[in-house]
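These numbers were taken from a predicted model, which means no experiment stands behind them.
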Amino acid sequence: MKKGQVYEGIVTRVDFPNKAYVEADGEVAIVKNALPGQKIEFIVSKVRKGKAEGRLKSVIEKSPMEVGPTCSHFGVCGGCTYLSLNYDDQVKLKEEQVYKLLDGVIGEKSVNGPWTWEGIKKSPVYHGYRNKMEFSFGDEFKDGPMALGMHKRGSFYDIVTVDDCMIVDSDYRIILRATLDYFTEKNVPFLHRMSHEGFLRHLLVRKASKTGEILVALVTTSRMDEEVRNELVEGYRDMLLELVRDGRVAGSFAGILHIINDSLADVVRADVTNVLYGREYFVEELLGLKFKVSTFSFFQTNSYSAEVLYSTAREYIGNLGGSDKVVFDLYSGTGTIAQLMAPACKKVVGVEIVEEAVEAAKKNALENGLDNCEFIAGDVLKVLDDVEDKPDFIILDPPRDGVHPKALQKIIGYGVDRILYISCKPTSLTRDLETFLENGYRVERACCVDQFPWTANVETVCLLSKLHEAKHHVNVKLDMDELDLTSA
């Protein structure tokens with residue numbers, strides 16, 4: 001295959017996260033965003049060491065697995081990958097991908113003993129499940145009308161107004177459309193990423209799935225006369241507070257914020273935060289505990305499936321072996337797992353680099369009546385050197401890139417008998433597992449939880465133990481074609 005040439009081929013398999021292997025003219029190319037069984041047209045974008053990568057141009061024949069998308073934006077918006085599949089086929093595909101990745105690492109380390117694969121657990125809700133969305137202002141095409149929504153697939157600039165998005169509920173869609181209409185009518189410019197001129201940047205909407213509280217943050221630059229700016233955003237606030245359709249939205253707002261961000265980078269962050277209405281957080285409930293979640297705090301984006309994830313984590317951890325144990329919760333976010341573990345141990349030490357999340361975790365622990373949780377703001381790599389406590393059990397829930405290699409060595413150096421690793425990116429998990437396996441740990445059991453329906457992402461839960469403490473489990477090597485997912 002040569003760069004720039006166009007080919008037709010059949011997708012034979014899809015590896016995590018969305019790497020489709022396409023057979024064409026006796027060769028194989030990797031093409032993103034295709035599905036097993038599709039016949040596609042693609043253009044070769046890169047050839048390196050005999051391996052070709054391509055860009056999807058069109059689908060010539062649909063996959064037998066496809067049932068048709070439920071969203072009018074599918075294929076244009078870059079958000080969802082598997083929306084044209086039925087839900088059972090989607091979770092089966094993700095299960096196959098994760099199992100292949102884990103077995104590829106653990107199976108090669110046979111000296112570490114057998115392990116138990118426990119399949120995938122479905123999300124209890126798979127439409128309208130998200131509790132957070134970051135929408136961008138931009139144009140649909142160069143010099144086109146202003147849009148508000150998600151980036152087009154494969155585009156850094158073009159924006160799709162996703163007012164038919166199916167992974168959020170109707171309140172998000174109502175707020176998005178009302179926001180776009182308000183600023184369009186007033187002819188307010190969005191920030192152009194090349195010239196860095198303009199006012200509107202992002203719209204952040206968070207809604208608690210259990211309590212129904214809504215937090216809205218309008219993110220702009222400061223490039224407007226202050227008096228005019230204040231009048232504009234106060235008018236926006238008043239519009240939202242009067243927003244009632246079919247009895248929804250108005251009255252549910254926990255807070256409406258105006259965030260000023262003059263960064264050159266296309267990121268959602270705050271230089272200045274002004275509270276236009278209410279407060280800077282909403283309250284969510286998980287497994288009987290309440291959590292205050294602020295604008296930038298990490299919190300699982302699917303509250304329904306988060307309860308499945310954390311229940312699984314708690315079951316994997318099991319009996320800590322006494323109430324005198326110390327647990328480290330590294331990359332602790334707003335302290336969800338730490339607070340679930342607190343009643344079963346002497347102390348939980350949570351470490352999180354986002355200071356806002358740490359402050360929220362401290363307040364959450366007090367609200368939930370837990371006095372044995374200590375939360376520290378800082379990088380895990382640096383903080384561990386100053387923590388006097390020694391852990392009996394370690395929980396890891398790192399960001400997508402996994403654990404820093406130097407931090408990983410410090411964690412291994414504690415020599416704890418068991419470690420629970422929760423990962424939102426299986427490829428990062430497998431990389432870190434190699435280091436654990438090389439340093440005297442084995443995988444006891446693992447499963448995945450569909451935290452992000454219709455996307456290519458999935459959470460994985462993995463329990464590791466020291467070899468001398470290893471329990472005897474039967475290695476379950478499942479035939480993926482015979483999996484019964486109906487009871488998952």
Side-chain angles (χ1 to χ4, degrees), residues 286-287 289 291 298-300 306-354 357-358 360-362 364-365 368 370 372-381 383-384 387 389-404 407-426 428-429 432-433 435-436 439 441-449 451 459-466 469:
L286 288 181
L287 298 173
L289 298 176
F291 298 92
F298 170 78
F299 196 81
Q300 292 288 351
E307 291 195 321
V308 177
L309 176 67
Y310 293 140
S311 294
T312 302
R314 192 160 59 181
E315 189 264 321
Y316 270 36
I317 292 167
N319 189 347
L320 289 172
S323 59
D324 60 338
K325 303 299 182 182
V326 175
V327 175
F328 277 13
D329 179 13
L330 307 181
Y331 313 95
S332 54
T334 52
T336 314
I337 299 178
Q339 292 173 69
L340 291 172
M341 293 304 304
C345 64
K346 176 183 177 182
K347 182 179 182 181
V348 182
V349 178
V351 181
E352 167 61 46
I353 197 168
V354 180
V358 172
K362 292 176 180 178
N364 289 333
N368 290 311
L370 301 170
N372 61 336
C373 297
E374 179 185 359
F375 294 102
I376 303 170
D379 188 338
V380 168
L381 176 61
V383 166
L384 290 181
V387 177
D389 293 290
K390 300 301 178 186
D392 298 292
F393 192 100
I394 295 176
I395 300 168
L396 301 173
D397 190 3
R400 291 184 60 78
D401 289 339
V403 182
H404 189 285
L408 201 59
Q409 291 301 326
K410 291 182 180 181
I411 292 165
I412 291 169
Y414 283 115
V416 299
D417 288 335
R418 291 185 300 155
I419 296 173
L420 184 75
Y421 195 134
I422 301 174
S423 171
C424 60
K425 188 177 181 183
S428 298
L429 170 64
D432 291 346
L433 282 182
T435 303
F436 278 115
N439 284 272
Y441 283 89
R442 64 180 287 268
V443 175
E444 281 197 23
R445 55 195 295 205
C447 71
C448 47
V449 178
Q451 188 75 1
E459 292 273 354
T460 307
V461 185
C462 191
L463 180 65
L464 298 114
S465 63
K466 295 275 286 185
E469 292 288 339

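Across all their heavy atoms, G333 and A361 have their closest contact at O-CB, 4.1 Å. Looking at every heavy atom in both residues, A344 comes nearest to L320 through O-CD1, 3.6 Å. Across every non-hydrogen atom of N372 and A342, the tightest pair is ND2-O, 2.9 Å. Scanning both residues, V383 and A377, for their nearest heavy atoms gives CG2-O, 4.3 Å. Of all heavy-atom pairs between Y316 and R418, the closest is O-NH1, 3.9 Å. Across every non-hydrogen atom of F393 and V416, the tightest pair is N-CG1, 4.2 Å.
The shortest side-chain heavy-atom distance between I411 and L384 falls under the 4.5 Å cut-off. Counting heavy atoms from C-beta outward, I422 and V449 have side chains that stay 4.5 Å or more apart. Inter-residue side-chain proximity for V403 and T435 is flagged as unmet; no heavy-atom pair is nearer than 4.5 Å. Residues V351 and F328 have side chains not in contact (no heavy-atom distance under 4.5 Å, counting atoms from C-beta outward).
The SG atom of C462 sits 10.0 Å away from atom CD1 of I419, with the distance rounded to the nearest 0.5 Å. One finds the CG atom of L463 at 9.0 Å from the CZ atom of R442 (value rounded to the nearest 0.5 Å). Atom-to-atom distance recorded for L330:CG and L381:CG is 11.5 Å, nearest 0.5 angstrom. The NE2 atom of H404 sits 11.5 Å away from atom CG of D432, with the distance rounded to the nearest 0.5 Å. For the atom pair CD1 of I394 and CG of D417, the computed distance is 11.0 Å after rounding to the nearest 0.5 Å. Atom-to-atom distance recorded for N364:CG and L289:CG is 9.0 Å, nearest 0.5 angstrom.
Of the possible donor and acceptor atoms, none in the side chain of S423 sits under 3.5 Å from a partner among the backbone N and O of T460. No donor-acceptor pair under 3.5 Å is formed between the side chain of K390 and the backbone N or O of Y414. Here the side chain of D392 pairs a donor or acceptor atom with the backbone of V326 at under 3.5 angstrom. Within the 3.5 Å criterion, the main-chain N or O of L287 finds a donor-acceptor partner in the side chain of E307.
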For this session: In sequence, state the C-alpha distance, the side-chain angles, and the governing distance for L396 and V380, and then conclude on side chain to side chain contact (heavy atoms under 4.5 Å, CB included).
Result: CA-CA 11 Å; L396 301 173; V380 168; over 6 Å; no

For this session: Carefully, step by step, assess Y310 and Q300 under the rule side chain to side chain contact (heavy atoms under 4.5 Å, CB included).
Result: CA-CA 10 Å; Y310 293 140; Q300 292 288 351; 3.1 Å; yes

For this session: Report the C-alpha separation of I317 and I395 in whole Å, then their side-chain angles, then the decisive distance to 0.1 Å, and conclude whether the side chain to side chain contact (heavy atoms under 4.5 Å, CB included) test is met.
Result: CA-CA 9 Å; I317 292 167; I395 300 168; 3.7 Å; yes

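A perpendicular orientation is assigned to the rings of Y421 and F436, their planes being inclined by more than 60° (bins at 30° and 60°).
Residue pairs meeting the side-chain hydrogen bond (donor to acceptor under 3.5 Å, both in side chains) criterion with at least one member in residues 319-335, sequence neighbours excluded, do not occur. Each side-chain hydrogen bond (donor to acceptor under 3.5 Å, both in side chains) pair with one or both residues in residues 338-349, not counting sequence neighbours, appears once here: Q339-N368, K347-E374, K347-D389.
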